[in-house]
There are 2 protein chains.
Amino acid sequence: MLSKKSKYAIKALVALAKHSKHGEPMRIVEISEQEKIPKKFLEAILLDLRKHGILGSKMGINGGYYLVKKPEQIFLTEIIRLTDGPIAMIPCASLNFYEKCDDCEDETVCGLRKVMTELRTASLAVLSANSIADIIKKETKLINSKNRK
Amino acid sequence: MLSKKSKYAIKALVALAKHSKHGEPMRIVEISEQEKIPKKFLEAILLDLRKHGILGSKMGINGGYYLVKKPEQIFLTEIIRLTDGPIAMIPCASLNFYEKCDDCEDETVCGLRKVMTELRTASLAVLSANSIADIIKKETKLINSKNRK
DNA sequence: CCGATAATCTATAAAGTCTATAGATTATCT
DNA sequence: AGATAATCTATAGACTTTATAGATTATCGG
């Protein structure tokens, strides 16, 4: 399961992407209220995203957070790996967070690892195909098809 | 990520499937030592699997656990749902463990949910295509291709 | 340069989950 | 009856999640 942290991070980035057509920073409180994310928790999340170069911030009046990268270039893989860690379901099947199982004699011959590697490949295909911009696109698409009814 | 509980459950079932050609029950200690799973933890896991009708048990001398279902009919989806819960990454995208997001106004219009539903479909495709028997098959296949080198 | 605003940093903590461990009890077989 | 092995109950340390409180620092308008 995705942690709330990851989910909130994605939602905040979507909110920022929608807002940043204006180019100006968005306040934590605004994001918090709009997306119903606990303010102080969101604070920590945004700080994290800033430290990793996805967001920038400005203090004082008219301050807030803004996107550094374009919504088209922020993929779900990046956010999830940053906030939750590995995409794979077991460490020995992970690309970026590989770890050896201490209960496994020879992983090159492990059937479970083989299946979990297949799963990781499938998951990565979906997550690396979707950026923040794609999420917004899907949203407008869903709204349109709903209104047509 | 998969919990250790799930991982141990799958490994134990694989061990039992390999053993149960003989049809006779396998002792907790044997599984524990063979698969390097902490004994008492394994105990709780096997009890769970028994309560859900996947395993049977027999007390006393020559006792132990045995498979009730055939290895071909025990799929990873079943085990993971039983020990870890949902396959989906967020509850609102789950088939068996659906829950509404309390921060979401209208989920039918949520872009993140849409992506996570795609991911769930992809994950389910892999996990429901693999049974305990399949894991064993993959293992022998891996061993064979290794020996041919 | 002052005062208001808003991000930043540090510390802490409640709740829940994961990963077990210990010990007593009950059923089975010889 | 006695040995074996599963079963049940209770508990607990470590870690993660999900925050909350409060002090500090930077920015801007006037």
Side-chain angles (χ1 to χ4, degrees), chain A residues 1-9 11-12 16 19 24-33 35-52 54-68 80 82-86 89-91 97 99 101-103, chain B residues 1-9 11-12 16 19 24-33 35-52 54-68 80 82-86 89-91 97 99 101-103:
Chain A
M1 291 281 279
L2 207 65
S3 70
K4 292 240 167 129
K5 194 174 174 181
S6 276
K7 188 187 160 194
Y8 289 162
K11 288 188 71 177
L16 278 163
H19 181 266
E24 49 195 30
M26 187 176 182
R27 287 182 304 140
I28 292 180
V29 194
E30 277 183 87
I31 305 174
S32 157
E33 285 172 357
E35 302 296 330
K36 290 182 189 160
I37 302 169
K39 200 196 134 201
K40 278 290 189 171
F41 194 24
L42 178 61
E43 193 184 307
I45 293 166
L46 295 176
L47 208 53
D48 245 33
L49 293 173
R50 203 211 53 168
K51 279 177 187 163
H52 283 87
I54 296 173
L55 295 181
S57 70
K58 201 181 158 190
M59 281 183 162
I61 291 175
N62 298 324
Y65 282 93
Y66 52 88
L67 292 177
V68 168
I80 293 176
L82 191 147
T83 48
D84 271 8
M89 293 204 84
I90 41 179
F97 297 85
E99 259 176 69
C101 297
D102 32 284
D103 53 320
Chain B
M1 290 282 278
L2 207 64
S3 69
K4 292 237 169 134
K5 193 175 175 181
S6 276
K7 189 186 158 193
Y8 289 161
K11 287 188 70 177
L16 278 164
H19 181 267
E24 48 193 30
M26 188 175 181
R27 287 183 304 140
I28 293 181
V29 193
E30 277 183 86
I31 305 174
S32 157
E33 284 174 356
E35 301 297 330
K36 288 180 190 163
I37 303 170
K39 199 197 133 203
K40 278 291 189 172
F41 195 23
L42 178 62
E43 193 184 306
I45 293 166
L46 295 177
L47 209 53
D48 246 34
L49 294 174
R50 202 211 53 166
K51 280 177 187 164
H52 283 87
I54 296 172
L55 295 181
S57 69
K58 200 181 159 190
M59 282 184 160
I61 289 176
N62 297 325
Y65 281 94
Y66 53 88
L67 292 177
V68 167
I80 293 176
L82 191 148
T83 48
D84 272 8
M89 293 203 84
I90 41 179
F97 297 85
E99 261 176 68
C101 296
D102 32 284
D103 53 319

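Residue numbers start from 1 in every chain, and the chains themselves are labelled A, B, ... in the order their sequence lines are given, proteins ahead of strands.
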Whole-Å distance separating the [atom1] atom of [X] from the [atom2] atom of [N]:
{"X": "L42(A)", "N": "dA6(C)", "atom1": "CG", "atom2": "C1'", "answer": "13 Å"}
{"X": "L46(B)", "N": "dA5(D)", "atom1": "CG", "atom2": "C1'", "answer": "13 Å"}
{"X": "L49(B)", "N": "dA6(D)", "atom1": "CG", "atom2": "C1'", "answer": "15 Å"}
{"X": "I45(B)", "N": "dC18(C)", "atom1": "CD1", "atom2": "P", "answer": "12 Å"}
{"X": "D103(B)", "N": "dA19(D)", "atom1": "CG", "atom2": "P", "answer": "10 Å"}
{"X": "M1(B)", "N": "dC15(D)", "atom1": "CE", "atom2": "C1'", "answer": "14 Å"}
{"X": "L47(A)", "N": "dA19(D)", "atom1": "CG", "atom2": "C1'", "answer": "15 Å"}
{"X": "I90(B)", "N": "dT17(D)", "atom1": "CD1", "atom2": "P", "answer": "16 Å"}

Give the minimum heavy-atom separation between [X] and [Y], together with the two atoms involved.
{"X": "S57(B)", "Y": "R50(B)", "result": "OG-CD, 3.5 Å"}
{"X": "D84(B)", "Y": "M1(B)", "result": "OD2-O, 4.1 Å"}
{"X": "P38(A)", "Y": "S32(A)", "result": "C-OG, 4.4 Å"}

Given the options L16(A), I45(A), D48(A), L47(A), L55(A) meets side-chain contact (heavy atoms from CB on, under 4.5 Å) only with L16(A)

One character per nucleotide, please: for nucleotides 20-30 of chain C, 5' to 3', B when the base has a protein heavy atom closer than 4.0 Å, S when only the sugar-phosphate does, - otherwise. BBBB--BSBS-

Compare all side-chain heavy atoms of L82(A) with those of L49(A) and state whether any distance is below 4.5 angstrom. yes

Just wondering, more than 12 heavy atoms not from K36(B) lying within 6.0 Å of its NZ?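 Enclosed: over 12 neighbouring heavy atoms sit under 6.0 Å from NZ of K36(B).
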
